[in-house]
Each structure stands twice: as C-alpha cells, then as structure tokens.
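Scope of the values below: all heavy atoms of this structure, side chains included, with no hydrogens, waters or symmetry mates.
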Amino acid sequence: MRALIKQNAFIKFVLTSGLLYLFLYIIYQFIVKRYTYYDQKFIGSIIQTVNFLLEKIGYNTFTVLQDRDYQVVGIDGSNGVWVGSNCNAITLFSLFSVFIIAYPGKTKTKLWYIPLGILCIHILNIVRVIALVLIANYAPKFLNFNHTYTFTFLIYSFIFLLWMIWVNKYSKIDSKEHED
C-alpha cells in the first residue's frame with residue numbers, strides 16, 4: 001500500500017490533503033470555535049471592515065457585535081445580514097492552505113503564496129459580505145439564493161483558480177529535485 005501511495009502522486013495528494021484538512025477541521029471545530037473567542041473576534045473584524053467600507057461609500061449602517069454567534073451588519077432600514085462562523089472563511093483558508101501544502105512545490109514559495117492566497121480570499125469574502133448587505137437592502141428576496149449558490153460558486157471557483165495558478169506556475173519541480 002505504501003508503495004502505491006509513493007508511486008501515485010494523485011493518491012498521495014488526496015490522502016495528504018484529506019488527512020491534513022481533517023486535522024485542521026477538528027482543531028477548528030473542537031478547540032478554536034468551542035473554547036476560544038478568536039472565531040467571533042475575526043467575525044467582528046469582518047463586520048467592522050464591511051461597516052467601514054459601506055459608510056465610506058455613503059450608506060448609513062448598523063452593526064450588532066456580540067461575543068457569541070449573533071453578529072449582524074446592515075444598511076439602516078434593512079434587516080441586515082447575520083455573519084456566523086461559517087461565513088468567516090477560516091475553513092476556506094484551511095482548504096486553500098492544505099491544497100498548496102499537499103501539492104509538490106518549493107517550501108520557500110509556499111511560505112509566501114499561502115499567506116497571499118489567504119489575504120486574497122479574505123478580501124473576496126469581505127466583498128461578498130458587502131454584496132450580501134446590498135442585496136439584503138435592495139432585493140431581500142434574492143438574498144438566500146445568492147448566499148447559497150452564487151457566492152458559494154464564486155468563492156470556490158476563486159480558490160480553485162488560485163490552486164490552478166499554483167499547479168501551473170509555482171509547483172514546477174526541477175528534475176534533479178524530483179529524482180531524489
């Protein structure tokens with residue numbers, strides 16, 4: 001079995017990324033989320049950023065910031081949007097990082113590509129929350145569809161694009177290095 005894993009790069013990638021993602025997911029769900037406030041503080045920072053940006057473009061906004069699970073941002077006169085732990089993109093950061101770590105490439109390149117990718121995903125997530133706030137204000141009947149389908153597709157497509165950039169541009173391994 002070990003020989004098969006060593007010989008088949010695809011199987012090695014799937015097993016490595018699956019086990020690493022499972023490990024990070026367990027740490028997040030059962031330690032970070034359950035016993036710390038880091039998750040909620042991160043959600044609060046997203047809400048504050050969205051609020052700041054919406055106010056800068058001229059909207060009157062409101063926020064509800066609490067320590068546990070109920071954090072909202074919106075435009076005055078709307079219901080706003082609830083931003084929960086599934087909306088903070090931490091699991092997406094992990095997914096992206098795992099794909100890059102598990103795929104061949106130089107460690108030095110991974111050390112700058114992973115943080116840059118996480119930053120890009122974070123910025124896209126903030127744009128997503130802003131768009132959802134605007135939808136909740138102007139077309140609330142479309143909020144659920146866009147949250148569930150449109151933005152899920154866009155975010156995962158973006159992560160796939162980042163991974164494909166890694167695969168095609170940065171994961172190239174010298175033949176000497178590959179033979180070792």
Side-chain angles (χ1 to χ4, degrees), residues 1-47 49-50 68-69 71 81-129 131-132 144-180:
M1 181 72 169
R2 286 185 183 178
L4 176 66
I5 293 170
K6 281 187 175 185
Q7 290 175 350
N8 191 320
F10 177 73
I11 292 174
K12 183 178 179 183
F13 169 75
V14 169
L15 284 176
T16 303
S17 59
L19 291 173
L20 188 55
Y21 184 77
L22 179 64
F23 175 73
L24 292 174
Y25 181 80
I26 288 170
I27 288 174
Y28 175 70
Q29 289 295 324
F30 297 106
I31 298 172
V32 174
K33 195 172 170 182
R34 185 171 287 176
Y35 297 111
T36 71
Y37 289 103
Y38 294 121
D39 191 52
Q40 295 302 311
K41 293 295 180 190
F42 191 64
I43 293 167
S45 73
I46 291 169
I47 287 175
T49 303
V50 167
R68 288 279 181 199
D69 288 335
Q71 301 196 57
V81 294
W82 173 72
V83 181
S85 59
N86 292 335
C87 304
N88 65 13
I90 290 175
T91 55
L92 298 176
F93 300 160
S94 297
L95 180 68
F96 168 74
S97 299
V98 163
F99 279 1
I100 303 305
I101 291 167
Y103 206 82
K106 295 181 181 179
T107 302
K108 187 175 181 180
T109 308
K110 290 179 183 186
L111 289 175
W112 67 262
Y113 192 78
I114 291 172
L116 180 63
I118 288 172
L119 178 63
C120 291
I121 295 165
H122 181 59
I123 290 168
L124 184 60
N125 191 46
I126 289 170
V127 171
R128 178 187 75 94
V129 174
L132 289 171
N144 191 42
F145 177 84
N146 283 293
H147 175 268
T148 305
Y149 299 107
T150 307
F151 292 111
T152 300
F153 175 77
L154 290 174
I155 294 283
Y156 281 100
S157 295
F158 183 73
I159 291 170
F160 182 73
L161 174 68
L162 289 175
W163 185 59
M164 290 311 297
I165 291 169
W166 172 260
V167 167
N168 292 312
K169 187 169 183 180
Y170 296 110
S171 72
K172 305 293 186 232
I173 299 173
D174 296 337
S175 57
K176 289 179 187 175
E177 186 179 320
H178 188 62
E179 291 172 0
D180 293 338

Can you list, pair by pair, the side-chain donor-acceptor contacts under 3.5 Å of residues 114-126, counting residues two or more places apart and other chains?
| unit_1 | atom_1 | unit_2 | atom_2 | d |
| --- | --- | --- | --- | --- |
| Asn125 | OD1 | Arg128 | NE | 2.8 |
| Asn125 | OD1 | Arg128 | NH2 | 3.1 |
| Asn125 | ND2 | Cys87 | O | 2.9 |

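- Counting heavy atoms from C-beta outward, Ser17 and Tyr21 have side chains that stay 4.5 Å or more apart.
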Original post:
Given the rule in the side-chain contact (heavy atoms from CB on, under 4.5 Å) test, do Asn88 and Val83 qualify, once you have shown the distances and angles that lead to the verdict?
Top reply: CA-CA 7 Å; Asn88 65 13; Val83 181; 5.7 Å; no
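- Here the side chains of Asp39 and Phe42 are not in contact, with every heavy-atom distance at 4.5 Å or above.
- Residues passing the side chain to side chain contact (heavy atoms under 4.5 Å, CB included) test with Ile31, sequence neighbours excluded: none.
- The side-chain contact (heavy atoms from CB on, under 4.5 Å) test with Lys12 is passed by exactly one of Leu15, Thr16, Val14: Thr16.
- Summarising the geometry, atom OG1 belonging to Thr107 is positioned 6.5 Å from atom CG belonging to Leu111; distances are rounded to the nearest 0.5 Å.
- Atom CZ in Phe153 sits 10.5 Å away from atom CZ in Phe160 (nearest 0.5 Å).
- Considering only residues two or more places apart in sequence or on other chains, Tyr38 meets the ring pair (Phe, Tyr, Trp, His ring centres under 6.0 Å) condition with none of them.
- Of the possible donor and acceptor atoms, one in the side chain of Gln71 sits under 3.5 Å from a partner among the backbone N and O of Gln40.
- In this pair, Tyr170 and Trp112 present their aromatic rings perpendicular. The plane angle is above 60°, beyond the 30 to 60° band.
- Within the structure, side-chain hydrogen bond (donor to acceptor under 3.5 Å, both in side chains) pairs that include any residue of residues 150-168 comprise Asn146-Thr150 (at least two apart or interchain).
- To the nearest 0.5 Å, atom CD1 of residue Ile43 and atom CD1 of residue Ile47 are 7.0 Å apart.
- In this structure Tyr149 satisfies the ring pair (Phe, Tyr, Trp, His ring centres under 6.0 Å) test together with Phe145, sequence neighbours excluded.
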For residues 91-104, run the donor-acceptor check on the side chains, cut-off 3.5 Å, and write out each pair with its distance to 0.1 Å, sequence neighbours left out.
| unit_1 | atom_1 | unit_2 | atom_2 | d |
| --- | --- | --- | --- | --- |
| Ser94 | OG | Ile90 | O | 3.3 |
| Ser97 | OG | Phe93 | O | 2.8 |

Original post:
When you look at Leu19 and Phe23, which way does the side-chain contact (heavy atoms from CB on, under 4.5 Å) test go after all the steps?
Top reply: CA-CA 6 Å; Leu19 291 173; Phe23 175 73; over 6 Å; no
